[in-house]
Each structure stands twice: as C-alpha cells, then as structure tokens.
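Working notes, beginning with the structure itself.
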Amino acid sequence: MITESTATHIHWFRQDLRLEDNPSLVAAARAGRVLPVYILDDENAGNFRMGGASRWWLRRSLSALNASLGGTLNFYRGDAGEILDELCQRFGVQEVHWTRCYEPWRIARDTAIKKALTAAGISARSHAGALLFEPWSISKNSGGYYQIFSPFYKKLRAQDAPDEPVSKPALDGLLVEDPQALALDALELAPRVAWDTGLCARWEPGEASALDRLAAMVDAQFEDYAEGRDFPARDSVSRLSPHLHFGEVSPRQIWQATEPLEADPQVEAFRRQLCWREFSYSLLFHVPELPTENFRKSFDAFAWKNDPTQLARWQQGRTGFPLVDAGMRELWETGTMHNRVRMIAASFLVKNLQIDWRLGAAWFWDCLVDADLANNSASWQWVAGSGTDAAPYFRIFNPTSQAKKYDPDGRYIRRFIPELKSLPNKYLFNPCSAPESVLEAANVRLGKTYPRPMVDLKQSRQQALDAYQLTR
DNA sequence: CAGATTTTGGA
DNA sequence: CCAAAATCT
C-alpha cells in the first residue's frame, strides 16, 4: 500500500531501455514509488553525441518503453547532473538508481553525479546490467587487461556463469509522473526530412521486438550461424546489435536463452561474437582514449591521405567496387551493414584510400543504428591495424575476391546496387572487365550509371604497404 | 576475421 | 597442366 510518506526513488534510464533484467529498476521499485526518467544529455556527450540513425532508433525505443510504462516515462533534455539535482529536490527523492555505462564521458559524468548526490545526502547507486561481466573483472593472472581476444575469451569462459537475469518488477501504482517533464517529441529525435524510410522497413526498436528476435534465433537453433554469418545475402545473423546497444535486451538474457543449446557449435559461435562485445568494452574501459587515439602509437606516423573527394565517394557508395558500394548503401538506407561487409568497406577506406580510420568511424557513428563507442572504436582500430589484437597490416582485403567468396551469386550486391542487377555474375564483381556488348545489354554505362573503380587495387595496396613500412 | 606467390601433388 | 596447399608478407 502506497501512503503519503512512501519515498520516491529515481530510476534513470540510459542504455537499458527495458523492464526485464533491469536490476537498477528492481532496486528503485523495492522501497517505494519510482520516478522513471530519461535524459537526453547532448551537453556532456561532446563529440560522442548520438548520430542521426541512433536518434531515430532511440525515439522509437523510448516510445515503446513509455508505452510499456503506461505513458509515465518522464523526458528531459540537458545536463543530467543538473536535471537529477532539480528532480531530487522537487520530489524529495531519497535514492537514484541507474545501470552502468562505460563510455569514458559517461563514466566521468556519472562519477561526478554520484559524488554530488551523495554529498546532498541522497543515495546514488549504479548497477551492473549492460555486460556479462564488469570490464574490470576479466583480467590477466599477471594483472592488467587482455589485449588479445582469444585469451580474453578463454578467461571469460573459465569464469563462473554470468549472473542470471532478474524479472521485471511489479510497478502497478508505483510510477510517478512529473507534470513538468517534456514530451518525447520535444527531444527532437525524429528526422526533419524523411530519410528514414529504409530504417522503418528494416527495424522495429523496442524491448518486445528485441525479445522476439532472440526467441526467433533460439527457435531456429542458430542454424547456419557459424558459416552463414559471413554471407551478407543470407539471413543468418541475429540483428540484435542495436537492441543490445540500447539495452532493450541484456547480454545476460541472451546468455541464459542460449544455455540449453550451448554445446551446439552454432551457438558457441554466436556466444563468441557476444564476447567480442565484452572484449571491446574491456578495452574501452582500460583505454579511454581508444575512440580517438591510435592504440599502437607507431601508427601516429602513418601518412594518411584523407582526400575529401575520395571520402565522399566512399560514403556515398560510389567507389566502383560493387561489394564496398553495396555495403555503404546498405548503411545509408537501412542504418546497418552486414559485419563481413563492414570489415571489407573499412579496409578499403583505410588501406586502399589511406583515409584515417577515425573519419570512417565518424561516418559509421552517424549512420549506424547500432553505433556503439566500444565496438565501433575497437573494430575500426582492428581493421586499421592500429589496435590491440590487430589484423596484421599485410592483411588487406581485396573487395573483388571477397565479393566472389562471400556473395557468390551476387544477391547482396544486386539488392543494393540495382543499376548492376542485369549484369551477369561473371562480370558483376568487376564490371570493368565486361565486354562493351554485355554492358550495353545490361544497361550499364560505366562512368555514368555506375562508376569505374576509383583506384587500382594492386597499386593502392602496394602504396598502403609502403606507407606502413615507413612507420616501422 | 587475407593476399600474393611458390610449391606440391594429382590428373 | 591446374588447383589445392604451404609459405611468406
């Protein structure tokens, strides 16, 4: 029974936009009413404020969460510390709970907030919930953090299983609405011009949809995941990454859901990918400059070309290499790119065009619905060869042979590059090699309807290797 | 989570 | 002779 004297506690939603397996929400609901809060804090995010695609996702995810809270979610915009402070005073809040985030700017902000709230006599408590294990908990026996995935993974698997998910708390009658809160639309997350058609067609943000995706993968027993995940035309990947990023589903829920199938190599392969996420978070936690600085300092001497015209062609998917272009257009149209193609498109930018990985990472940050600082930074550095556990520099993807290998029937390429759809497979991966008569029959006019290759693969590869040699 | 080149071994 | 496998980069 709720009485006048019942205390009000805040659960501050951030990247945990779910009701299930939310220990922070459970803690807030344990001892009183709950003021559920979301704050769009662009002020503290600096250069890492969410990009356009992420905002699109966020708006829909918040809308779904608000609905599942009976429309009681309270929205704010601005400096989180100031807003929480004001709310605490106005509602006489005794406890503030949140799920930990690990972006360096959030750690700095949250640490300051915890300090200020504590000084004001308010209990501020952060809870684990975004990862299987806290990023400081998996460390080498000799101390220090892992820089290589394989031993990290081995150590992780040697741990006791992650904590079990917790059930959603009973919130009936406990939720508090703030009449002064903003409407969701006041966060201005929606696109101003309608560029989001492709995103709407591809995605359904929200906890219910995330759990549906997970259930569908479990029902299908992750069939063809291990091999199929490398083939962008197949439907073998989970597409859980944006749901995971926004915390609509937790990694612990995924771990538990896959437990009965853990002996299956397909499931093992999937769990391994989930652990790459853990690895990236561990790296970001221990190396907060990971998003902006070469992990390997010798890379600071690398001679980037950073040609803005070439960067624009890559961004627009007009490089003349069909698989790269298909990937870049998938990204633009749908807010995602298949993982295999991400590696190929990123390698092309960094190696064949010699454009700084940070420019590529910035583009992905703006375009991806699953833009995640840990994953994005660690993965770009991995591809660039500047990171921990880096790909050896001589490993330069050949976009043509990768296309033949991983999109052999050209289904993925044709899907995103319709102007090449009538070109026979024999020439699809290298339109320039097609005889004039074939091009004409397929209605392809090189340099007009589809660009010629913007670089020579062999030459640009050698240039990258030479530039790399100069840094050593 | 390679590519290029050389070597090998089976038609 | 060619393609798979081994080997360097």
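Chain naming here is simple, since letters A, B, ... match the order of the sequence lines and numbering starts at 1 in each. Please read these numbers as outputs of a predicted model, since none were measured by experiment.
- The separation between Phe394(A) atom CZ and dC1(B) atom C1' is 13 Å, rounded to whole Å.
- Atom CD1 in Ile344(A) sits about 10 Å away from atom C1' in dC1(B), given to the nearest Å.
- Between Tyr146(A) and Phe152(A), the angle of the ring planes goes over 60°, which puts this pair in the perpendicular group of the 30/60° scheme.
- Candidate nucleotides dA4(B), dT9(C), dC1(B) were compared by shortest atom distance to the side chain of Met343(A), and dC1(B) ranks first.
- Put simply, CG on Asp466(A) is 15 Å from P on dT9(C), counting in whole angstrom units.
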request  = Check step by step if ring pair (Phe, Tyr, Trp, His ring centres under 6.0 Å) holds for Tyr38(A) and Phe13(A).
outcome  = CA-CA 5 Å; Tyr38(A) 184 86; Phe13(A) 281 104; 8.2 Å; no

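- Of the residues in residues 400-407 of chain A, those with a non-hydrogen atom less than 4.0 angstrom from any atom of DNA chain B are Ser401(A), Gln402(A).
- As a whole-Å value, the separation of Gln462(A) CD from dA4(B) P is 11 Å.
- Contact record, Arg109(A) with Asn44(A): CD-ND2, 3.8 Å, taken as the closest heavy-atom pair.
- Taking atom CG of Asn339(A) as the reference point, atom P of dC1(B) lies 11 Å away to the nearest angstrom.
- Between Trp57(A) and Trp203(A), the ring planes lie perpendicular to each other; the angle is over 60°, past the 30° to 60° tilted range.
- Atom pair Arg395(A):CZ and dC1(B):P shows a separation of 9 Å (rounding to whole Å applied).
- If you measure from atom CG of Leu465(A) to atom C1' of dC8(C), you get 13 Å, rounded to the nearest angstrom.
- Taking the ring centre of Tyr393(A) as origin, the terminal cationic atom of Lys351(A) falls inside the region bounded by 6.0 Å and 45° from the ring axis.
- Atoms CG (Asn398(A)) and P (dA2(B)) sit 13 Å apart, rounded to a whole Å.
- Considering only residues two or more places apart in sequence or on other chains, Arg202(A) meets the side chain to side chain donor-acceptor pair (under 3.5 Å) condition with Glu330(A).
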